[in-house]
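Values below: all heavy atoms of this structure, side chains included; hydrogens, waters and symmetry mates excluded. What you are looking at is a predicted structure, and each value in this text was computed from that prediction instead of being measured.
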Amino acid sequence: MSVSLLLAHGDDGFRIAAEIRRFADEIGAVDRIEINAERSPDEPAIERAAIEAASVGMFGTHLAILRGPLRAAGRSTSAAGRLLRLVTELPVGSALALAEERPSREAGRPP
């Protein structure tokens, strides 16, 4: 077994949603949970994504989707560290999608 990870980003929300659906189909996800970063930084959203991603479904893969990971990390070094640990320390068998939708005019600006 391995870890399933997707980073979908850009300014096309429809395309990001399609990539997440394709990813979910590819890994055989039977259920999914979406976590939305509500503020910047939003460490509780990162922590919840870590818990959800580590949860193993009884009947198949459980997919956790963190929307706005850059917003969740913000300019906080501790939140950025948590986001990095979330991605690098996923347990075997977990599935996580990071979905970042930002207008292309904001691509170079920090969150």
Side-chain angles (χ1 to χ4, degrees):
M1 273 191 117
S2 63
V3 170
S4 299
L5 180 64
L6 171 73
L7 170 60
H9 63 91
D11 61 358
D12 184 353
F14 180 76
R15 181 69 179 156
I16 291 172
E19 285 300 316
I20 291 172
R21 280 192 305 276
R22 184 200 54 78
F23 178 67
D25 290 343
E26 184 178 299
I27 64 172
V30 294
D31 66 337
R32 54 197 248 181
I33 182 84
E34 295 201 20
I35 300 111
N36 292 304
E38 296 179 12
R39 59 188 180 280
S40 183
D42 193 351
E43 292 186 43
I46 297 171
E47 292 300 317
R48 183 162 175 234
I51 291 168
E52 292 293 343
S55 301
V56 179
M58 288 184 67
F59 304 106
T61 305
H62 174 77
L63 174 61
I65 303 164
L66 176 58
R67 294 201 175 269
L70 293 179
R71 179 182 175 133
R75 294 184 182 202
S76 166
T77 54
S78 67
R82 288 179 192 262
L83 182 61
L84 185 59
R85 280 191 302 281
L86 166 65
V87 173
T88 59
E89 298 176 2
L90 284 170
V92 172
S94 59
L96 174 67
L98 302 174
E100 183 68 42
E101 182 181 350
R102 296 182 76 189
S104 56
R105 67 181 177 276
E106 294 180 7
R109 294 191 339 211

Requested in this report: Only one of Glu100, Glu101, Glu34 passes side chain to side chain contact (heavy atoms under 4.5 Å, CB included) with Arg67; say which it is.
Outcome: Glu34

Report summary line: Taking every heavy atom of Gly74 against every heavy atom of Ser40, the minimum-distance pair comes out as CA-OG, 3.2 Å

**Report entry** Residue pair Leu70, His9: steps toward the side chain to side chain contact (heavy atoms under 4.5 Å, CB included) verdict
**Finding:** CA-CA 10 Å; Leu70 293 179; His9 63 91; over 6 Å; no

Query raised in the report: Taking only residues two or more places apart in sequence, or in another chain, which ones meet Glu52 in a side-chain hydrogen bond (donor to acceptor under 3.5 Å, both in side chains)?
Result: His62

Report task. Please name all residues satisfying salt bridge (Lys or Arg N to Asp or Glu O under 4.0 Å) with Glu26, sequence neighbours left out, ordered by chain then number. Result -> Arg22

Query raised in the report: From Ile46 CD1 over to Ser76 OG, what is the distance, rounded to the nearest 0.5 angstrom?
Result: 8.0 Å

Report task. Consider only side-chain heavy atoms of I, L, V, M, F, W and Y, link residues closer than 4.5 Å, and tell whether Leu98 and Ile51 are in one cluster. Result -> no

Requested in this report: Report the residues that fulfil side-chain contact (heavy atoms from CB on, under 4.5 Å) with Asp12, sequence neighbours left out, ordered by chain and then residue number.
Outcome: Phe14, Arg15

Counting only pairs under 3.5 Å, give me each side-chain donor-acceptor contact of residues 81-95, with atom names and distances, residues two or more places apart or in other chains.
residue, atom, partner, partner atom, Å
Arg82, NE, Glu43, OE1, 2.4
Arg82, NH1, Glu47, OE2, 2.6
Arg85, NH1, Gly81, O, 3.4
Thr88, OG1, Leu84, O, 3.0
Ser94, OG, Pro91, O, 2.6

Query raised in the report: Closest heavy-atom contact between Ala64 and Ala53?
Result: CB-N, 3.6 Å

Query raised in the report: Ala79 and Ala72: which non-hydrogen atoms are nearest, and at how many Å?
Result: CB-O, 3.8 Å

**Report entry** Fellow cluster residues of Ile20, listed by chain then number, with links counted only when side-chain atoms sit under 4.5 Å apart
**Finding:** Leu6, Ile16, Phe23, Ile27, Leu63, Ile65

Query - Spatial distance of atom CG (Leu96) from atom CD1 (Ile35) [nearest 0.5 Å] - result: 8.0 Å

